[in-house]
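Below, chains carry the letters A, B, ... as their sequence lines are ordered, and counting in each starts from 1. Predicted model, so just to flag it, every value in this text is computed and none were measured.
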Number of protein chains: 2
Amino acid sequence: MHDDDIANIMRALGHPVRLSILRFLASQQQRECCCGDVTESLPLAQSTVSQHIKVLLDAGLIERKPHGTRNRYMIRQDRLAELGTAFGGLIEGLNLRAPHKEAEPA
Amino acid sequence: MHDDDIANIMRALGHPVRLSILRFLASQQQRECCCGDVTESLPLAQSTVSQHIKVLLDAGLIERKPHGTRNRYMIRQDRLAELGTAFGGLIEGLNLRAPHKEAEPA
DNA sequence: AGATTTGATCGGTGAATGGCGATGAACATG
DNA sequence: CATGTTCATCGCCATTCACCGATCAAATCT
């Protein structure tokens, strides 16, 4: 993953409402979970929620599955794992690069 | 760490320039590393870089240490570790709450 | 003291973001 | 076909962001 991608995803995660949406989806994942459900769980207008959902979609963090007149959303676990790896790599890379001592015991 | 804090840090990380700055600091950590150095490593004006640095400062990701007429910056490893933990928890929490083994109710 | 260097901050500008209500497409159902 | 649902999208507006040049305070060096 490139820095731009990481930054993109981070920005998508950089809003409390979007975190709430993800958490809500996670808690409901087994069931149907449409935009209306998410909207009900938040003090925001439907259009606003839809907009946030779009951001998460564009970041590839969730997935849309049309289902009749409503859309079912679910978290993309694969991407989440990918992100976890990338983020771990980022943190790792930000660690002290040149150990001024012996490396920590493995 | 609450969602607001996480979102805050995510937003700070949600810009490629800020990632670059962090990486640069990481690569230079043992040496002196002032705003000018960072600016030289980027195609941006000094004021812009200073702004980005401020964002990272406010997010608690870096630390400023005045040193003569210049300021030395360094990554806050403690906060980085903290963030790693919080992020891991976030990903964990976003995982399927119910095991997808087989005990999956309809 | 005067000159120089560093870098944070100010003011301004254009783009992006976050919020809303309204509209309209797509689908189900009477 | 008509009606009702769902929800993505479209203005619209206020706020924030990203960038810049200019300025100014503080520390350092003649």
Side-chain angles (χ1 to χ4, degrees), chain A residues 3-25 28 31-76, chain B residues 3-25 28 31-76:
Chain A
D3 263 14
D4 279 346
D5 307 312
I6 296 184
N8 231 7
I9 297 182
M10 291 299 170
R11 216 175 7 176
L13 292 177
H15 195 291
V17 165
R18 260 146 14 213
L19 290 182
S20 297
I21 293 178
L22 286 177
R23 287 197 205 280
F24 181 78
L25 287 183
Q28 302 280 323
R31 327 176 175 219
E32 58 210 73
C33 200
C34 60
C35 179
D37 296 332
V38 180
T39 301
E40 272 182 20
S41 79
L42 292 169
L44 292 172
Q46 177 266 322
S47 56
T48 304
V49 172
S50 192
Q51 199 68 11
H52 281 298
I53 284 179
K54 181 165 168 40
V55 173
L56 292 173
L57 267 176
D58 289 346
L61 290 171
I62 63 177
E63 162 182 31
R64 164 160 52 200
K65 192 168 65 172
H67 193 260
T69 159
R70 57 187 75 189
N71 291 325
R72 183 170 305 178
Y73 290 100
M74 50 177 51
I75 292 184
R76 286 189 53 182
Chain B
D3 267 11
D4 279 345
D5 305 314
I6 296 184
N8 230 8
I9 296 182
M10 291 300 169
R11 218 177 15 197
L13 291 176
H15 196 291
V17 166
R18 249 119 55 188
L19 290 181
S20 297
I21 292 177
L22 287 177
R23 286 197 203 281
F24 180 78
L25 287 183
Q28 302 280 326
R31 325 173 177 226
E32 59 210 70
C33 199
C34 59
C35 178
D37 297 332
V38 180
T39 301
E40 272 182 21
S41 78
L42 293 168
L44 292 172
Q46 177 265 322
S47 55
T48 304
V49 173
S50 192
Q51 281 284 66
H52 281 299
I53 284 179
K54 180 166 171 39
V55 173
L56 293 172
L57 267 176
D58 288 346
L61 290 170
I62 63 177
E63 163 182 30
R64 164 159 54 199
K65 193 169 63 173
H67 193 261
T69 159
R70 54 188 78 189
N71 291 325
R72 183 171 304 178
Y73 290 100
M74 48 177 52
I75 292 185
R76 286 189 53 182

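Atoms NZ (B:K65) and C1' (C:dA8) sit 19 Å apart, rounded to a whole Å. The nearest whole Å value for the distance from the CZ atom in A:R70 to the P atom in D:dT6 is 5 Å. Atom CE in B:M10 sits roughly 20 Å away from atom C1' in D:dC17 (whole-Å rounding). Rounded to whole Å, the distance from CG on B:L42 to C1' on D:dC19 is 13 Å. If you measure from atom CD1 of B:I53 to atom P of D:dA18, you get 14 Å, rounded to the nearest angstrom. Remark: C1' of C:dG7 and CD of B:E40 are 14 Å apart, rounded to the nearest angstrom.
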In 5'-to-3' order, the base (B), backbone-only (S) or no-contact (-) status of each nucleotide in nucleotides 15-24 of chain C, using a 4.0 angstrom heavy-atom cut-off, is --SSSBBB--
I'd like to compare against my own output: the B/S/- annotation of nucleotides 25-30 of chain C with a strict under-4.0 Å heavy-atom distance to protein. --SS--
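Contact annotation: A:Y73 side-chain N/O to D:dT6 OP1/OP2 distance is not under 4.0 Å. In this model, the phosphate group of C:dG7 is not approached by any side-chain N or O of B:R64 to a distance below 4.0 Å at OP1 or OP2. Distances shorter than 4.0 Å separate some side-chain N or O of B:N71 from OP1 or OP2 on C:dA8.
Taking 4.5 Å as the limit, every side-chain heavy atom of B:I9 sits out of range of all side-chain heavy atoms of B:D5. Contact annotation: the side chain of B:D58 never approaches that of B:N8 to less than 4.5 Å [non-hydrogen atoms, C-beta and beyond]. Put simply, the side chain of A:I75 does not reach to within 4.5 Å of the side chain of A:L61, judged on heavy atoms. Residues B:R23 and A:D3 form a side-chain contact, since some pair of their non-hydrogen atoms from C-beta on lies under 4.5 Å apart. Looking at A:L42 and A:I21, their side chains come closer than 4.5 Å, going by heavy atoms from C-beta outward. Side-chain contact between B:D37 and B:Y73: absent, with no pair of heavy atoms (C-beta onward) separated by less than 4.5 Å. A 4.5 Å side-chain heavy-atom check between A:N71 and A:P66 finds at least one atom pair inside the cut-off. The closest side-chain heavy-atom distance from A:L44 to A:T39 is not below 4.5 Å.
Put simply, OG1 on A:T48 and CD1 on A:I53 are 11.0 Å apart, with the number rounded to the nearest 0.5 Å.
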